[in-house]
> 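Structure below; questions to follow.
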Amino acid sequence: MVLAEKYRPRTLDAILGQPHLLGPGAPLRALIEADALPHLFLYGPPGCGKTTLARVIATELDRPFYEFNATSLKIDDLRKLFKQYAQALQKPLIFIDEVHRLSKTQQEVLLPFMEQQAALIIGASTENPYYTMTAAIRSRSHLFELRSLDADTLAGLLETVLAREAITLEEEAHAYLIDSSGGDVRAMLNLLESASHVADPITLEILKAIRPQAVRSGSSEADSHYDLTSAMIKSIRGSDIDAGIYYLARLIAGGEPPEFLARRLAILASEDIGNANPNALNLAASTLTIVQNIGYPEARIPLAQLVVYLASSPKSNSSYRAINAALRVIDEGKIDPVPAHIKTHAKTYRYPHDHGGWVAQSYVGEEHRYYAPAGIGFEKKLDEWLAAIRREP
């Protein structure tokens, strides 16, 4: 038997490395144990246990289990399955891997059955499926992130496998097997199994001959996903081009999806640059569209261009601070009624175009100052336009 399958966990307690989801009192475990699980989508790096978790859930809930891959999923197969269980008391669990690849048509077919609870749908992906699923699907499901396994967790499993399978490893080979697997338990066990057919004891040279390079665990391992993304954003905000490019390269080398990187950079373009250089947001939007269509390796080029442009742009967070200030006022319960003269069909509304483009009148009951421009870059030109519109000296 293949080691990765032989040592696949069969119970919740046997699943490794997901205490934030499956530890005592963790939300996902509580939902499973209460048999109150909604449709859900799991995402995380390869070999972290997404498929295993779906199978264990089916066992825990005593549901028929059907496994599909979105790349080969046929709509007719789904319809037949739903029809088969239409009158059944125990509804099936349908697991769809690579769920981010579902077409809009396939999602539309799933939607009514999700709504009717005709089956429990669990999707899995190495990418965050939130951005590829329709709003209707998202509103009927929960999203949970699984984390790659750390070195200590891999080492513990490895010791168990070595003892039970009577496999011996030289010390350097032991370290390489763990370190080069990048948190992917399947990659570790597959390499171990292949090497065990070549030599005993297994040497470092044997492992490197089979897998010369480490599996890229991606920036999702441990906290590096968040740390590297944060470092890239802060470097660009601080106008350090080289640091921004370096962290972008780290994220790309780690397998971070280009769409995720482009989205984060688009947020930065608005939050940290804003109207100091409005074209930054245009370039970010264009980059997001481009990388969605070309993917790696070419996507690295427009991403790098965008990082250089954003780092070089003047910075202002005036719009970001303005919307936050307005939301704070609303959260505090300070809700101003709309003045009567600007309501729909108001008779006393003064049309600015009839007064040379601007006329003094109130647009909100209580005046608040939310927007405080920094007067940086193009923002300064906007201030000048506004002053001219209002005929201010």
Side-chain angles (χ1 to χ4, degrees), residues 104-105 107-108 111-112 114-116 130-143 233 237 259 262-290 292 306 309-310 313-393:
K104 292 293 175 62
T105 301
Q107 292 186 47
E108 288 170 359
L111 186 59
M114 292 175 69
E115 179 70 23
Q116 298 159 16
Y130 178 90
Y131 300 102
T132 55
M133 307 307 290
T134 64
I137 293 282
R138 294 199 307 266
S139 72
R140 290 163 175 80
S141 56
H142 289 337
L143 181 69
I233 296 302
R237 184 183 294 139
E259 296 88 352
R263 284 193 296 268
R264 288 300 303 137
L265 293 171
I267 293 168
L268 180 145
S270 186
E271 177 181 343
D272 293 298
I273 296 172
N275 287 324
N277 180 9
N279 193 53
L281 189 57
N282 292 332
L283 184 59
S286 297
T287 302
L288 178 55
T289 300
I290 289 168
Q292 286 173 333
L306 179 59
Y309 187 85
L310 297 181
S313 292
K315 310 294 189 296
S316 172
N317 68 347
S318 298
S319 299
Y320 169 75
R321 287 186 288 109
I323 188 60
N324 287 348
L327 286 170
R328 271 197 306 272
V329 168
I330 293 168
D331 288 342
E332 292 167 359
K334 300 175 182 176
I335 307 299
D336 289 329
V338 177
H341 63 279
I342 60 170
K343 287 184 177 180
T344 308
H345 307 306
K347 303 299 184 184
T348 55
Y349 171 61
R350 303 179 71 189
Y351 191 50
H353 295 291
D354 290 340
H355 300 272
W358 180 83
V359 61
Q361 64 184 331
S362 173
Y363 291 96
V364 65
E366 183 179 346
E367 296 291 343
H368 292 281
R369 186 68 183 273
Y370 304 115
Y371 177 63
I376 296 171
F378 192 77
E379 204 172 75
K380 183 177 181 181
K381 176 59 70 175
L382 295 180
D383 293 343
E384 293 171 358
W385 284 357
L386 192 58
I389 289 169
R390 295 172 175 172
R391 304 182 186 95
E392 295 174 353

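Position 1 is the first residue of the sequence; numbering continues from there.
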> Could you tell me which residues satisfy side-chain hydrogen bond (donor to acceptor under 3.5 Å, both in side chains) with Asn277, sequence neighbours excluded, listed by chain and number?
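For Asn277, the residues satisfying side-chain hydrogen bond (donor to acceptor under 3.5 Å, both in side chains) (neighbours in sequence not counted) are Tyr309, Ser313.
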> Please report the interatomic distance CD(Glu115) to OG(Ser139), rounded to the nearest 0.5 Å.
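One gets 8.0 Å once the value is rounded to the nearest 0.5 Å.
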> Going by the salt bridge (Lys or Arg N to Asp or Glu O under 4.0 Å) test, which pairs reach into residues 333-345, not counting sequence neighbours?
Glu332-Lys334
> Using 0.5 Å steps for rounding, measure from the OH atom of Tyr320 to the CG atom of Leu268.
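Going from OH on Tyr320 over to CG on Leu268, the span is 11.5 Å.
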> Applying ring pair (Phe, Tyr, Trp, His ring centres under 6.0 Å), can you list everything that pairs with Phe378, at least two apart in sequence or on another chain?
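Residues passing ring pair (Phe, Tyr, Trp, His ring centres under 6.0 Å) with Phe378: Trp385.
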> Show the nearest heavy-atom pair for residues Tyr363 and Gln361, with the distance to one decimal.
OH-NE2, 2.9 Å
> Count the heavy atoms belonging to other residues, nucleotides or ligands that lie under 6.0 Å from OH of Tyr370, then report whether that count exceeds 12.
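Atom OH in Tyr370 is crowded, with more than 12 foreign heavy atoms closer than 6.0 Å.
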> Could you measure the distance from the CD atom of Glu384 to the CG atom of Leu386? Nearest 0.5 Å is fine.
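Going from the CD atom of Glu384 to the CG atom of Leu386 covers 11.0 Å.
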> Indicate yes or no for a side-chain donor-acceptor contact from Gln107 to the backbone of Thr134 under 3.5 Å, with no hydrogens or angles considered.
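Checked: pair present.
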> About how many Å separate CZ of Arg264 and CD of Glu271, when rounded to the nearest 0.5 Å?
7.5 Å
> Which heavy atom of Ile342 sits nearest to which heavy atom of Ser362, and what is that distance?
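Closest pair (atom of Ile342, atom of Ser362, distance): CG2-O, 4.3 Å.
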> Quick check for you: to the nearest 0.5 Å, what is the distance between Asn317 atom CG and Ile273 atom CD1?
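Taking CG in Asn317 and CD1 in Ile273, the distance rounds to 11.5 Å.
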> Give, for atom CZ of Arg237 and atom NZ of Lys315, the distance between the pair rounded to the nearest 0.5 Å.
10.0 Å
> Taking distance alone, no hydrogens or angles, what donor-acceptor pairs closer than 3.5 Å link side-chain atoms of residues 349-360 to residues at least two apart or in another chain?
residue, atom, partner, partner atom, Å
Arg350, NH1, Ala360, O, 3.4

> Mind running side-chain contact (heavy atoms from CB on, under 4.5 Å) on Leu143 and Arg138 for me, showing each step along the way?
CA-CA 8 Å; Leu143 181 69; Arg138 294 199 307 266; over 6 Å; no
> Could you list the donor-acceptor pairs under 3.5 angstrom formed between side-chain atoms of residues 282-289 and any protein atom two or more places apart in sequence or on another chain?
residue, atom, partner, partner atom, Å
Ser286, OG, Asn282, O, 3.1
Thr287, OG1, Leu283, O, 2.8
Thr289, OG1, Ala285, O, 3.2

> Which heavy atom in Pro314 sits nearest to a heavy atom in Gly377, and how many Å separate them?
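Smallest interatomic distance, heavy atoms only, reads CG-CA, 4.3 Å.
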> Can you check whether Pro373's main-chain N or O pairs, donor with acceptor, with Glu379's side chain at less than 3.5 Å?
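Absent.
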> Checking side-chain contact (heavy atoms from CB on, under 4.5 Å) for the pair Asn275/Ser318: CA distance, chi angles, key distance, verdict?
CA-CA 8 Å; Asn275 287 324; Ser318 298; over 6 Å; no
> Only counting residues at least two apart or in another chain, list the ones meeting side-chain contact (heavy atoms from CB on, under 4.5 Å) with Thr348.
His341
